[in-house]
Protein chains: 2
Amino acid sequence: MDTDERIALAMAELLRKQGYAATGINQLARAAGAPTGSLYHHFKGGKREIAAAALRQTGAAYIQLLPLLLDAHDDLAAGIEALFAQAAEDMRDTGWANMCPVGTVTAETADTEPELREVAAEVMGTWVETGSRYFTTRGLAETDSRTVVFAVLSALEGAFVLARGLRSAEPFHAAGRTIKTYVASLCTEQPKTPTRARAQSGKRTGT
Amino acid sequence: MDTDERIALAMAELLRKQGYAATGINQLARAAGAPTGSLYHHFKGGKREIAAAALRQTGAAYIQLLPLLLDAHDDLAAGIEALFAQAAEDMRDTGWANMCPVGTVTAETADTEPELREVAAEVMGTWVETGSRYFTTRGLAETDSRTVVFAVLSALEGAFVLARGLRSAEPFHAAGRTIKTYVASLCTEQPKTPTRARAQSGKRTGT
DNA sequence: GCCATTCTAGAGTGACCGTTCTACCGGGAG
DNA sequence: CTCCCGGTAGAACGGTCACTCTAGAATGGC
């Protein structure tokens, strides 16, 4: 694996566990198996640039999970509920540590580190864009797709926080059930096309 | 105002803007208008104890908003949508800075500061308990109340993060609409047949 | 062989961290 | 008056911070 990637990956791991301010460069160096000097050789911008790279890397990886998990379900609403159940399981398996670094970093640095906030906004923007495009391919109207992806992301990020604090999977299940109901209500509103059994995905029209 | 309260209030303000690790004792002393020594006189536990007090204070204040905002609406579902709209407005008015300190601190310290995580869990616990009790008085079944309060809290905390990063109120509106639909479905549904193709008995505004 | 470049390695630097310490102030009790 | 004490004030302390600097090892072209 590329050294840059290894550093960014280690940073992402630390960010989601303890946030940006609490993560030290020396701690990162230890975690990444690289001396301090190497960190600054690969990322001349220092801690901030490493964090930015970590956010971008994580953001790209996370959004891929959406079609990966949802394509397995013909019923979109049920798929979304399963997605939340999966997130809950991951969270529990990692000892309630598996926060999303983008959320953590955004919450603590939006006012103090403008560059990181912009990177976070960029990542979230791709989430919304990619996600709403996917939901459109699953038969939702464009405005509904956007609403659903915002609802899913908000509920996920929030459930991460609640679950992390309470050490309970309940937030995920509640959020999943809620959005499942909403998506189901959208599907029944348009009895035109049943839209069932469709497996094609990944094909995207240029923007 | 009591000095202890003033310190905790200033801490809460800093926590929700920049989190726990990035908030220094000297910065807090400046913000609270008290010298370092006074801080340690009032809170022998230092930074951690002040943060704990801030979380408890904020938590108690926040949960009071729930009945305060929802009692104004006869229609519970509409009230919840209004609650999210209100949160969006506050967020925008404060320059997208108005995070919930409980969420921020939980996200960044759950693994590194066990005492703070426990305080956060205690606060969230009272939110769930108080909130579900309130929803029960509004006519929801007990299990539904619990689901709704978890969904509302998750969506709110998540929308804070998304909105803070994107500087947009859209997450709040999407989350509000979703939960409104869910609550409406709880109020109107007593279906004997699981037919989904049929329109629900209640009226639904398209939006 | 040579040299330049890339990357590793970690000691060094000044600034700031949370915390502790000492000094000081106002006022009630004797 | 003196003594005490809750509270104010900020200097001092050891430690850690992000970052820089210098030196050495590895690599590729000639």
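So that the names make sense, note that chain A is the first sequence line, chain B the second, and so on, each numbered from 1. None of the values given here were measured: they were computed from a predicted structure.
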Lys47(B) NZ to dC17(C) C1', straight-line distance once rounded to whole Å: 8 Å
From CZ of Arg6(B) across to C1' of dT8(D) the rounded distance in Å is 11 Å
According to the ring-ring contact (aromatic ring centres under 6.0 Å, His included) rule, which pairs have a member within residues 122-164 of chain B, sequence neighbours left out? Phe160(B)-Phe172(B)
Any Ser38(B) side-chain N or O less than 4.0 Å from OP1/OP2 of dT8(D): yes
Students often get this wrong, so: under 4.0 angstrom with heavy atoms, is Gly37(A) touching a base, only sugar-phosphate, or nothing? base
Measure the distance from CZ on Phe43(B) to P on dG7(D) and round it to the nearest whole Å. 12 Å
Going by an N to O cut-off under 4.0 Å, is there a salt bridge joining Glu142(B) and Arg146(B)? no
Whole angstrom value for the distance that separates P of dG18(C) from CZ of Arg48(B): 12 Å
Can a cation-pi geometry be assigned to Lys47(A) and Tyr20(A), taking NZ or CZ under 6.0 Å from the six-membered ring centre and within 45° of the ring axis? yes
Donor-acceptor pair, distance only, cut-off 3.5 Å: does the side chain of Arg117(B) make one with the backbone of Gly165(A)? yes
Can you see if the side chain of His41(B) gets near the phosphate of dA9(D) - specifically, an N or O under 4.0 Å from OP1 or OP2? no
Tyr40(A) has an atom OH; how far is it from atom P of dA11(C), in whole Å? 17 Å
Carboxylate-amine/guanidinium contact Lys17(A) Glu108(B), below 4.0 Å: no
Is it the case that the side chains of Thr112(A) and Gln18(B) hold a donor-acceptor pair, with the cut-off being a distance below 3.5 Å and no angle test? no
Let's see if you can work this out: which of dA9(C), dT8(D), dT19(C) has an atom nearest to the side-chain heavy atoms of Pro35(B)? dT8(D)
Please state whether the phosphate of dT8(C), meaning OP1 or OP2, lies under 4.0 angstrom from any side-chain nitrogen or oxygen of His42(A). yes
At 4.0 Å (heavy atoms only), tell me whether Gly46(A) reaches a base, stays on the sugar-phosphate, or touches nothing. sugar-phosphate
Side chain of Thr3(A) only, please: which of dC19(D), dG18(C), dT8(C) is the nearest? dT8(C)
Salt bridge check: are Lys44(B) and Glu49(B) linked by an N-O gap of less than 4.0 Å? no
Under 4.0 Å, heavy atom to any atom of DNA chain C: which of residues 10-23 of chain A qualify? none
Rounded to whole angstroms, how far apart are CD on Glu113(B) and P on dG18(C)? 11 Å
The answer to which of Ile25(B) and Asn26(A) contacts DNA chain C further toward the 5' end, by nearest nucleotide, is Asn26(A)
Starting at CD1 of Ile7(B) and ending at C1' of dA9(D), how long is that distance when rounded to a whole Å? 13 Å
When the distance from CG of Leu39(A) to C1' of dC7(C) is rounded to whole Å, what number comes out? 12 Å
